[in-house]
**Student:** 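A single structure is presented below for examination.
Numbers for residues simply follow the sequence, beginning at 1.
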Amino acid sequence: MWTADDYRHMALAIQLADKPVFSPHPNPRVGCVIVKNDEVVGSGFHQYAGGPHAEVHALREAGEKACSATAYVSLEPCCHHGKTPPCTDALIESGVNKIIIAMLDPNPKVAGQGVQRLRDAGIEVQSGLLEADSVKLNPGFIKRMTKGLPWVRIKLAASLDGRTAMASGESQWITGTQARQDVQRLRAKSDAILTGIGTVIADDPQLTVRDLDVSIETERQPLRVVLDSALQISPSAKILHQAGDTWVFTKKSDSTKTFNESVQIKMCEQAGKRIDLVHVLEELAANEINEVHIEAGTTLNGALLAADLVDELVLYMAPIVMGDESKGMFNIPAIKQMADKINFEMLDVRMIGNDMRLTLKPLVTGN
């Protein structure tokens, strides 16, 4: 059904879709290639929300050459009005006569309706080419649309003996400069960066994207999220005074604390001592957060993993040893025997400078 050229052109569309350093939050990553007489006459990708979609970029580059051409798109073109007009309309008006799509859009506002609109306009539409590769582009968008939850990634930096901080809490720096730069790219790909109050008190982090040597058209910062059941956070904490917004989930109000207008205090239900993690994730998904990047301590990391809420673990392992008194990666007291262990699938292993980056998937029920 598919030719070698079809595979090549779709692979280019998928490669383009993954090009933006920053997430096009809340939209999915999409790439498009326009081909006529075996020549690529236009290409583009969705750079940021509110900007032109991939198809529009590619059609503008192709110009009149788009007429009677074939378009390769990594995701079904949208057929509804959002911040921009429907891409289906732009494709129809351009005169393309064939469109090959990697995967259908799971968004109920599209979900096959884009394909139908194109076919109704007399355009030949095929789908399914390199679908698995397209799925990998947007795990958060797909999960939010199908399960009402965001994709959750935990980032950890650890020593050879699995330690993430000294007993005092000191943790700067376990890994080298290149690994820390790589983490900035993970942050940029995310829609929200989440941590716990313990990390805020111990490290006073900024949790922003910075020091990226790239040319970007948007300075959007991911939403910062703090879980703080007793509202211990200080109004002067660095995380509350960065560009962009911060949400603090808590179970306790405190009228003596005044926060700036970029900070939202989110009250959680009073059942139990800890914040309901599922409630937090559902709230984030309801606010169009696709991917959540976790940088937290052993308690929150362990709670997320034990609750089967982790989709991916990215571990930077440094060639150092920190000793038995240092802190580990997860606090999961319920694991008492080998039968209760949590297994992982190794997805990727590579060197980042002098550190090793492991990308793993928990092999648990919900993943």
**Student:** One pair to check against side-chain contact (heavy atoms from CB on, under 4.5 Å): Leu207 and Thr246. What are the steps and the verdict?
**Tutor:** CA-CA 10 Å; Leu207 292 189; Thr246 304; over 6 Å; no
**Student:** Salt bridge between Arg350 and Asp348, side-chain N to carboxylate O under 4.0 Å?
**Tutor:** yes
**Student:** How far apart are the closest heavy atoms of Phe45 and His57, and which atoms are they?
**Tutor:** O-CD2, 3.2 Å
**Student:** So does Asn37 have more than 12 non-hydrogen atoms from other groups sitting under 6.0 Å from CG?
**Tutor:** no
**Student:** Could you name each residue pair satisfying salt bridge (charged side-chain N to carboxylate O under 4.0 Å, His left out) that touches residues 190-210, not counting sequence neighbours?
**Tutor:** none
**Student:** Looking only at the side chains, is there a donor atom on one of Asn260 and Ser262 sitting less than 3.5 Å from an acceptor on the other?
**Tutor:** yes
**Student:** Testing the basics here: between Cys268 and Phe249, what is the closest heavy-atom pair and its distance to 0.1 Å?
**Tutor:** SG-CD2, 3.7 Å
**Student:** Could you tell me whether the side chains of Thr3 and Asp6 share a donor-acceptor contact shorter than 3.5 Å?
**Tutor:** yes
**Student:** Quick one: CZ on Arg117 to CD on Glu76, what's the gap to the nearest 0.5 Å?
**Tutor:** 11.0 Å
**Student:** Sort out for me which residue in Asn290, Asn107, Asn138 forms a side chain to side chain donor-acceptor pair (under 3.5 Å) with Arg144.
**Tutor:** Asn290
**Student:** How close do Ala179 and Asp355 get, heavy atom to heavy atom, and via which atoms?
**Tutor:** CB-OD2, 3.5 Å
**Student:** When rounded to the nearest 0.5 angstrom, what distance separates OG1 in Thr208 from CD1 in Ile193?
**Tutor:** 7.0 Å
**Student:** Would a hydrophobic clustering, with Ile, Leu, Val, Met, Phe, Trp and Tyr connected at side-chain separations under 4.5 Å, put Leu304 with Phe344?
**Tutor:** yes
**Student:** Going hydrophobic residue to hydrophobic residue with side-chain gaps under 4.5 angstrom, can you get from Leu300 over to Val310?
**Tutor:** yes
**Student:** Find out if a path of hydrophobic residues (ILVMFWY) with successive side-chain heavy-atom gaps under 4.5 Å connects Leu129 to Ile14.
**Tutor:** yes
**Student:** Just how far is it from atom CD1 of Ile294 to atom CG of Leu313, taken to the nearest 0.5 Å?
**Tutor:** 11.5 Å
**Student:** Scan side-chain atoms only and decide if Gln178 and Asp182 contain a donor-acceptor pair under the 3.5 Å cut-off.
**Tutor:** no
**Student:** Take Asn301 and Thr164 through the test side-chain contact (heavy atoms from CB on, under 4.5 Å) and record every step on the way to the result.
**Tutor:** CA-CA 12 Å; Asn301 287 337; Thr164 59; over 6 Å; no
**Student:** Check whether Val56 and Leu118 end up in the same hydrophobic cluster, where Ile, Leu, Val, Met, Phe, Trp and Tyr are linked by side-chain heavy atoms less than 4.5 Å apart.
**Tutor:** no
**Student:** Surrounding CE of Met1 (heavy atoms of other residues, nucleotides or ligands, distance under 6.0 Å), is the total greater than 12?
**Tutor:** yes
**Student:** Provide the closest heavy-atom pair for Arg60 versus Pro52 in the form atom of the first, atom of the second, distance.
**Tutor:** NH1-CG, 3.5 Å
**Student:** Distance check, rounded to the nearest 0.5 Å: Ile197 atom CD1 versus Ile233 atom CD1?
**Tutor:** 4.5 Å
**Student:** Determine which pairs satisfy salt bridge (charged side-chain N to carboxylate O under 4.0 Å, His left out) with at least one residue from residues 23-43, sequence neighbours left out, and list them in order.
**Tutor:** Arg29-Glu291
**Student:** Should we count CD of Glu345 as having more than 12 external heavy atoms under 6.0 Å?
**Tutor:** yes
**Student:** My understanding is that only residues two or more places apart in sequence, or in another chain, count here; which of them pass ring-ring contact (aromatic ring centres under 6.0 Å, His included) with His293?
**Tutor:** none
**Student:** Which heavy atom in Thr199 sits nearest to a heavy atom in Gly297, and how many Å separate them?
**Tutor:** OG1-N, 3.4 Å
**Student:** With the side chain counted from C-beta on, respond yes when Pro139 and Glu312 share a heavy-atom pair under 4.5 Å apart, and no when they do not.
**Tutor:** no
**Student:** Do Pro319 and Asn354 have side chains that get closer than 4.5 Å, going by heavy atoms?
**Tutor:** yes
**Student:** With no hydrogens and no angle check, is any side-chain donor or acceptor of Thr250 less than 3.5 Å from a backbone partner on Asp228?
**Tutor:** yes
**Student:** So, for Arg163 and Gly328, which heavy atoms are closest and what is the spacing to 0.1 Å?
**Tutor:** NH1-N, 4.0 Å
**Student:** Should Leu315 and Leu305 be counted in the same cluster of Ile, Leu, Val, Met, Phe, Trp and Tyr side chains packed under 4.5 Å apart?
**Tutor:** yes
